[in-house]
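Structure, as structure tokens:
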Amino acid sequence: MTQEPKDVEVRIYSIATSMSESIIFLDETEGSRILPIWIGPMEAQAIAIRLSGYPSPRPMTHDLIFSVIKTLGLTVKKVVITDIVENTYYSSLHLTDPDGKNPRLIDARPSDAVALAVRFGCAVYINEKV
């Protein structure tokens, strides 16, 4: 009997940005491995702005999505980077209602998922197989 790969909790180690691309580095909270994921400069900016605590004068796209999810009475409980196929990462948002029932999984790009995770203050995980 094979065991399913487990999810490993990670945190944002750093973000490196150039004019044309950005890389987010995620490291294990209880380990030493670091995973670099190439993301767009706009997504990197959305993550960095939220981490810096700088208030945006108008809601950015990820702020809008955050507001919509909250207005619907839902929250993002966690984000999981689930797979990599042909150099493309896949992730999912794990949404729930206030009583923890009716969990929902939403497919998302890892950069968008992490941008929402920093807004909701939830954990980010990477599936061990990645």
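Along the sequence shown, residues are numbered consecutively beginning with 1.
No path of Ile, Leu, Val, Met, Phe, Trp and Tyr side chains, each step under 4.5 Å between heavy atoms, connects M42 with I12, placing them in separate hydrophobic clusters. Side-chain heavy atoms closer than 4.5 Å link hydrophobic residues (I, L, V, M, F, W, Y) into clusters, and following such links, even through other members, never connects V114 to I49. V10 and L51 fall within a single hydrophobic cluster, where Ile, Leu, Val, Met, Phe, Trp and Tyr side chains are chained together by heavy-atom contacts under 4.5 Å.
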Would you give me the side-chain donor-acceptor pairs under 3.5 Å for residues 85-95, sequence neighbours excluded?
{"from": "S91", "atom 1": "OG", "to": "A108", "atom 2": "O", "distance (Å)": "2.6"}
{"from": "S92", "atom 1": "OG", "to": "H94", "atom 2": "NE2", "distance (Å)": "3.3"}

Could you give the side-chain donor-acceptor pairs of residues 71-78 under 3.5 Å, partners two or more places apart or in another chain?
{"from": "T71", "atom 1": "OG1", "to": "S67", "atom 2": "O", "distance (Å)": "2.7"}

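Residues satisfying the side chain to side chain donor-acceptor pair (under 3.5 Å) criterion with D97, sequence neighbours excluded, are N102. Evaluation of the salt bridge (charged side-chain N to carboxylate O under 4.0 Å, His left out) rule for D112 yields R109 as partners, not counting sequence neighbours. R11 is linked by a salt bridge (charged side-chain N to carboxylate O under 4.0 Å, His left out) to D27, counting only residues two or more places apart in sequence or in another chain. Contacts of A44 classified as side-chain contact (heavy atoms from CB on, under 4.5 Å), with partners at least two apart in sequence or in another chain: I15, T17, S22, I39. Checked against salt bridge (charged side-chain N to carboxylate O under 4.0 Å, His left out), E21 has no partners two or more places apart in sequence or in another chain. In this structure, the salt bridge (charged side-chain N to carboxylate O under 4.0 Å, His left out) partners of E28, at least two apart in sequence or on a different chain, are R33.
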For this session: Go through the steps to decide whether I24 and L26 satisfy the test side chain to side chain contact (heavy atoms under 4.5 Å, CB included), and finish with yes or no.
Result: CA-CA 6 Å; I24 186 168; L26 303 172; 4.1 Å; yes
Exercise. Checking side chain to side chain contact (heavy atoms under 4.5 Å, CB included) for the pair I126/D7: CA distance, chi angles, key distance, verdict?
Worked result: CA-CA 5 Å; I126 297 177; D7 293 337; over 6 Å; no
For this session: Give the C-alpha distance, both sets of side-chain angles, the deciding distance and a yes or no for side chain to side chain contact (heavy atoms under 4.5 Å, CB included) between D83 and K129.
Result: CA-CA 7 Å; D83 206 357; K129 71 181 179 182; 3.9 Å; yes
For this session: Go through the steps to decide whether I81 and N127 satisfy the test side chain to side chain contact (heavy atoms under 4.5 Å, CB included), and finish with yes or no.
Result: CA-CA 6 Å; I81 299 171; N127 190 282; over 6 Å; no
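Sorted by first and then second residue, the ring-ring contact (aromatic ring centres under 6.0 Å, His included) pairs with a member in residues 53-78 read F66-F120; sequence neighbours excluded. For residues 47-69, the set of pairs meeting the salt bridge (charged side-chain N to carboxylate O under 4.0 Å, His left out) definition, not counting sequence neighbours, comprises D63-R119.
The hydrophobic cluster around W38 extends to Y13, I23, F25, I34, counting ILVMFWY residues whose side-chain heavy atoms fall within less than 4.5 Å of a member. Connectivity analysis of hydrophobic side chains (ILVMFWY, heavy atoms under 4.5 Å, direct or indirect) links L105 to nothing; its cluster partners are none.
By the 4.5 Å heavy-atom criterion applied to side chains, V8 and V130 are not counted as neighbours. No side-chain heavy atom of L116 sits less than 4.5 Å from a side-chain heavy atom of V79. Put simply, the side chain of V124 does not reach to within 4.5 Å of the side chain of E9, judged on heavy atoms.
With rounding to the nearest 0.5 angstrom, the CD1 atom of I37 is 12.5 Å from the CD atom of E43.
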